[in-house]
Amino acid sequence: EYSWGSGLVISFLIIGILLTILAVFYEFVIFDMISPDPEKRIYRPLLSWELISKRGIYTANLATFLLLVAYNGQMIYSVQFFQLIFGSTAWKAGLHLIPIVVSSVVAAIASGGITKKTGHVKFILLFGTSMGVIGSGLITLLDNNSNSSTQIGVLILPGVALGCSLQAALMGTQLELDPASSSFQSQFVEVTAFNGYMKSLGATFGGILSTMVFGTSVHNMIIRDGLTGYTEMHIDEIISSRMENYDGSHALIANILNSSVRNVFWMDLGFASLAFIFGVFTTNKKIPSAVELHRDAEAEVLSEVNSTK
């Protein structure tokens, strides 16, 4: 309804950027100038600079954000691909998401078991983000000539990436905290909430950026190929017209829509690659095993006994 150059869109963009800058300035500058009593937890900032400046915390959360941008774009436009290119109904197109959903659940369960047994977090995160890069590359192979095997196979690795990476990134963030700190509990809540925020932000940005890339690509290709009947249409009208007047998977408009969806997938590949890079710089700490925790507890008890003698 509104183009990117419209006054309403530009106004919202400017207001959003200004509010974001103001929020960051308050959290990390004004709050310290006020200097409230640190013992009063009610006056703690939403996220302190002490936490956000730790490399293991911001790298893990940026990896989460970037991976969610890629994953959400792939989820949305894989469904759009089957609807717009092959004329599938919403129900049938949704069935194509089974590989990505099942693989993410299986990967989450398997990676949780491995982490519990070995204590390794970074290994799982790097494996997940690397699967994200490979999966994002493979999904660009989807086109109007893809057979059923390709349509199923290319959607498996993005699900594996999500299942492995999200919980590993969260645990990596939490491992950066000092359990001996007096504010450990509040910091634990802060970094966990921040991780959830980055997940939501990544999914939101993924949808917005994917829609922008898809819509821009469609309009540019329509103008390039001279499809006069579509040049004045809004993207929603083009999609509705396509579904109402489906003319095969190799029609000119189908080729345009196919190329536009693949442009979204190429963008997702870039975000997945950035997620892997940030994953490299996350913490190397391991989750202590039950034996190690028991040994540490015994050592602490012995230390207290010896100190009282």
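All heavy atoms count here, side chains included; hydrogens, waters and symmetry mates do not.
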Any donor-acceptor pair under 3.5 Å from [X] side chain to [Y] backbone:
X	Y	result
Arg55	Phe281	yes
Tyr71	Gly132	no
Lys122	Val280	yes
Thr140	Gly137	yes
Lys199	Phe65	no
Asn245	Ser241	yes
Ser130	Phe127	yes

Will you find, in the side chains of [X] and [Y], an N or O donor that is under 3.5 Å from an N or O acceptor?
X	Y	result
Ser217	Asn263	yes
Gln187	Ser183	yes
Ser146	Asp143	yes
Gln83	Ser88	no

CA sep, side-chain torsions, deciding dist, call: Asn147, Thr150, side-chain hydrogen bond (donor to acceptor under 3.5 Å, both in side chains): CA-CA 5 Å; Asn147 56 31; Thr150 301; 2.9 Å; yes
Transitive ILVMFWY side-chain link Leu62 to Val24, under 4.5 Å: yes
Does any non-hydrogen side-chain atom of [Y] lie less than 4.5 Å from one of [X]?
X	Y	value
Ser210	Ile76	no
Thr283	Thr59	no
Asn61	Tyr58	no

Geometric class of the Phe184/Phe188 ring pair [parallel <30°, tilted 30-60°, perpendicular >60°]: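 Phe188 vs Phe184 ring planes: tilted.
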Parallel, tilted or perpendicular: rings of His96 and Phe82 (30°, 60°):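 Answer is parallel, since the angle falls under 30°.
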Pairwise distance NE2(His219) to CE(Met221) - rounded to 0.5 angstrom: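 Interatomic distance, His219 NE2 to Met221 CE, rounded to 0.5 Å: 12.5 Å.
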Test of ring centre spacing under 6.0 Å for Phe81 and Phe265: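 Judged by ring-centre distance (under 6.0 Å), Phe81 and Phe265 do not meet the cut-off.
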Residue of the set Leu19, Ile14, Ile21 for which side chain to side chain contact (heavy atoms under 4.5 Å, CB included) holds with Ile17: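 Single pass found, and it is Ile21.
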Is it the case that over 12 heavy atoms from other parts of the model lie below 6.0 angstrom from the [atom1] atom of [X]?
X	atom1	answer
Tyr197	OH	no
Phe194	CZ	yes
Phe205	CZ	no

